[in-house]
Visitor: 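Got a structure for you, questions after.
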Amino acid sequence: MFTGIITDVGEIAQLEQTGDLRARILTSYDTDTVDIGASIACNGVCLTVITKGRENGRDWFDVEISAESVSKTNISAGRKAWALGTRVNLERALKLGDELGGHIVSGHVDGVAIITDIKSVGDSTVVTFAV
């Protein structure tokens, strides 16, 4: 589970199609504190750390992303699609006792919607969806 509060901005350092899409993400997280198998929300998508390390003074972690996740998320969304150098919002999973400063979100796709309207209301943006 996640709060939706971004705690780091990573960068896509490698992308490799190996059946699933494998991505290496540079991070300012100390990967000594990140377990293999940990969940990290990457641009809101819950992904599992499969390997991690440090090179040239930069920490990184790798994730494998299924074709279904690629097709249903922002990972392949037009001009926002992940590419080398793309910056991605990162959030580590909640731990028992962490402050819930945002919302409880899972990072898993439950459905796909179509945006039917976007309008400004005051200083906010209102987005209308059709499921």
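All heavy atoms count here, side chains included; hydrogens, waters and symmetry mates do not. Keep in mind the model is a prediction, meaning the values are calculated, not measured. We're numbering straight along the sequence, starting at 1.
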Visitor: Between CG of Asp59 and CG of Asp30, what distance do you get to the nearest 0.5 Å?
Guide: 5.5 Å
Visitor: Only counting residues at least two apart or in another chain, list the ones meeting side-chain hydrogen bond (donor to acceptor under 3.5 Å, both in side chains) with Thr18.
Guide: none
Visitor: Could you pull out the closest heavy-atom pair between Gly10 and Ile25, with the gap in Å?
Guide: CA-CG2, 4.2 Å
Visitor: Quick check: do Ile118 and Thr125 have side-chain heavy atoms less than 4.5 Å from each other?
Guide: yes
Visitor: Would you say the side chains of Asp62 and Thr51 form a donor-acceptor pair under 3.5 Å?
Guide: no
Visitor: Using 0.5 Å steps for rounding, measure from the CD1 atom of Ile75 to the OG atom of Ser69.
Guide: 6.5 Å
Visitor: Only counting residues at least two apart or in another chain, list the ones meeting side chain to side chain contact (heavy atoms under 4.5 Å, CB included) with Asp117.
Guide: Lys119, Thr128
Visitor: For the atom pair CZ (Arg24) and CG (Leu84), what is the distance rounded to the nearest 0.5 Å?
Guide: 12.0 Å
Visitor: How close do Thr86 and Ala81 get, heavy atom to heavy atom, and via which atoms?
Guide: OG1-O, 3.8 Å
Visitor: Between Asp20 and Ser66, is there a side-chain donor-acceptor contact under 3.5 Å, judged purely by atom types and distance?
Guide: no
Visitor: If you compare all heavy atoms of Gly53 against all heavy atoms of Thr31, which two are closest, and at what distance to 0.1 Å?
Guide: O-OG1, 3.4 Å
Visitor: List the atom of Cys42, the atom of Leu90, and the distance in Å for their closest heavy-atom pair.
Guide: SG-CD2, 3.8 Å
Visitor: Does one hydrophobic cluster hold both Ile6 and Tyr29, with members joined at side-chain heavy-atom distances below 4.5 Å?
Guide: no
Visitor: Would you give the length of the straight line joining atom OG1 of Thr27 to atom CH2 of Trp60, rounded to the nearest 0.5 angstrom?
Guide: 12.5 Å
Visitor: Would Asp32 and Arg54 pass as an ion pair if we require N to O under 4.0 Å?
Guide: yes
Visitor: Are Leu15 and Leu26 connected in the hydrophobic side-chain network, where two residues link if heavy atoms are under 4.5 Å apart?
Guide: no
Visitor: In terms of hydrophobic clustering (I, L, V, M, F, W, Y; side-chain heavy atoms under 4.5 Å; direct or indirect links), are Phe61 and Ile50 co-clustered?
Guide: no
Visitor: Less than 3.5 Å apart, any donor N or O on the side chain of Thr33 or Arg92 sitting next to an acceptor on the other?
Guide: yes
Visitor: Do Phe129 and Ile115 pass the side chain to side chain contact (heavy atoms under 4.5 Å, CB included) test, and can you show the C-alpha distance, the side-chain angles, and the key distance before you say yes or no?
Guide: CA-CA 5 Å; Phe129 298 92; Ile115 296 174; 3.7 Å; yes
Visitor: Is the backbone N or O of Ile36 less than 3.5 Å from a side-chain atom of Lys52, with the two atoms forming a donor-acceptor pair by type?
Guide: no
Visitor: So, taking the atom named CG in Asn43 and the one named CD in Glu91, what distance separates them when rounded to the nearest 0.5 Å?
Guide: 12.0 Å
Visitor: Between Leu21 and Trp82, does a side chain to side chain contact (heavy atoms under 4.5 Å, CB included) hold up when you go through it step by step?
Guide: CA-CA 11 Å; Leu21 178 63; Trp82 288 13; 5.5 Å; no
Visitor: If you look at every heavy atom in Ser71 and Glu68, which pair is closest and at what distance?
Guide: OG-O, 3.0 Å
Visitor: Report the distance from atom CD1 of Ile40 to atom CG of Asn89, rounding to the nearest 0.5 Å.
Guide: 13.0 Å
